[in-house]
Visitor: 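Can you read through this structure? Questions will come right after.
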Amino acid sequence: MKILITGNMGYIGPCVVKRLRTSFPNATLIGLDTGYFADCLTNSEIFPECRVDLQYFADVRKLPPGSLENVNALVHLAAISNDPMGSRFEKVTFDINYRASIELARRSKEAGVGAFVYASSCSMYGSGDDSPRTEKSLLNPLTAYARSKIQTEQDLQQFADKRFKITCLRFSTACGMSERLRLDLVLNDFVACAVACKEITILSDGSPWRPLIHVNDMARAIEWAIVRDPAEGDNFLAVNIGSDEWNYQIRDLAEAVAQIIPDVDISINKNAVPDKRSYRVSFDLFKKLAPNYQPEVDLTSAIQNLKDGLISMKFNDPDFRNSRYIRLKVLTDLQSKGFFNDQLEWINKN
Ligand SMILES: NC(=O)c1ccc[n+]([C@@H]2O[C@H](COP(=O)([O-])OP(=O)(O)OC[C@H]3O[C@@H](n4cnc5c(N)ncnc54)[C@H](O)[C@@H]3O)[C@@H](O)[C@H]2O)c1
């Protein structure tokens, strides 16, 4: 089996590669990434890309010739990966997240790839009442990032058939340690606040609902999507990935962190404009389709493990929200130093 993973050099990618390396020891694993965050390593014992058999440093908008040859499964993670980046680089987000994804699917199908796994997002539910959103619920995207994910899902459907199985994994918000940790994700941010400042500052009124999932459990879901039998589902499938127990309100997450890390204060910004992005999600379909791939990590161990990871990194930067652990900051810094053009394409690697 030959598996190509795009965007393997980000936050989730190294965890996915580790998992696939263990589950499919004889598979040929290939990475393809433009390397925006290549040097943002955290606590890695080895360069994570030593685990793949071949690494392309390439842009998904300009696929290297032959990169899809004999590939059986494609895991598509490469993207501009959150709302702040999507808002700052709206057109590029559309080009990478939507246009390039559709072209990648088209060429994958043409090349005979059998399984296409797309990293989608529950953020497409945007806002709503407190009832859990199912895959059939109305989508209510509030950001360019969420819109790019919806449009991609919609246009991917046309390619699916019994030889080309497409699975859109609508992931909950990720959390947990990675060899390229990012701290612009809510639980990671709270643990970093607790470790570095002994105070968790919540940037909203704390009420929004947000489902979470640990990166290692995301990797397991990706494995399921590669091996799933379409007879048990559909050639095209969009499914919420997470677990009912991990639907939290933001303030509950802060409190959970404060229970595990002693002497931490929580400050809720009572005057904050309420965060409109609030969604509870139902994971019934995932539970039904993938009983053996359900999330396993619990919130306490996720927090503990993040804390231990940050401490062993000697992490102590109270200004981390303005540091290289924030994806938007890395991109804007590289761009201001002249490494990218307006399209976020490398123009100067010196
Ligand atoms: N982190 C989350 O909470 C979360 C939740 C739901 C879905 N997702 C999706 O999962 C995927 C991975 O997320 P992540 O947290 O690892 O993000 P990340 O930003 O850490 O990693 C994304 C990777 O994609 C690469 N990339 C971006 N544009 C590229 C291009 N044009 N060509 C080649 N490579 C490119 C980057 O260099 C980076 O290594 C994304 O599609 C994201 O939208 C993430």
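Numbering of ligands and ligand atoms starts at 1, following listing order.
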Visitor: If the test is side chain to side chain contact (heavy atoms under 4.5 Å, CB included), which one of Glu179, Met177, Arg182 qualifies with Tyr11?
Guide: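 Option passing the side chain to side chain contact (heavy atoms under 4.5 Å, CB included) with Tyr11: Arg182.
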Visitor: How many angstroms lie between NZ in Lys149 and OG in Ser101, if you round to the nearest 0.5 Å?
Guide: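 One finds 7.0 Å between NZ of Lys149 and OG of Ser101.
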Visitor: What's the shortest heavy-atom distance between Tyr293 and Arg220, and which atoms?
Guide: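 Minimum heavy-atom separation between Tyr293 and Arg220: CD2-O, 3.4 Å.
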Visitor: Does the ring centre of Trp346 sit less than 6.0 Å away from the ring centre of Phe340?
Guide: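 Here the rings of Trp346 and Phe340 have centres that are less than 6.0 Å from each other.
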Visitor: So, is the end of the Arg210 side chain (NZ or CZ) under 6.0 Å from the ring centre of Tyr248 and within 45° of the ring's axis?
Guide: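 No, cation not above the ring by the 6.0 Å, 45° rule.
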Visitor: Might you list the protein residues in contact with ligand 1, defined as having a heavy atom under 4.0 Å from one of its atoms, sorted by chain and number?
Guide: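 Heavy-atom contacts below 4.0 Å: Gly7, Met9, Gly10, Tyr11, Ile12, Asp33, Thr34, Gly35, Tyr36, Phe37, Ala58, Asp59, Val60, Arg61, Leu77, Ala78, Ala79, Ser81, Ile96, Ala119, Ser120, Ser121, Tyr145, Lys149, Phe171, Ser172, Thr173, Ala174, Arg182, Leu185, Arg327.
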Visitor: Looking only at side-chain N and O atoms, does Tyr325 offer a donor or acceptor that is under 3.5 Å from a partner on Asp189?
Guide: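 Tyr325 and Asp189 do not have a side-chain donor-acceptor pair below 3.5 Å.
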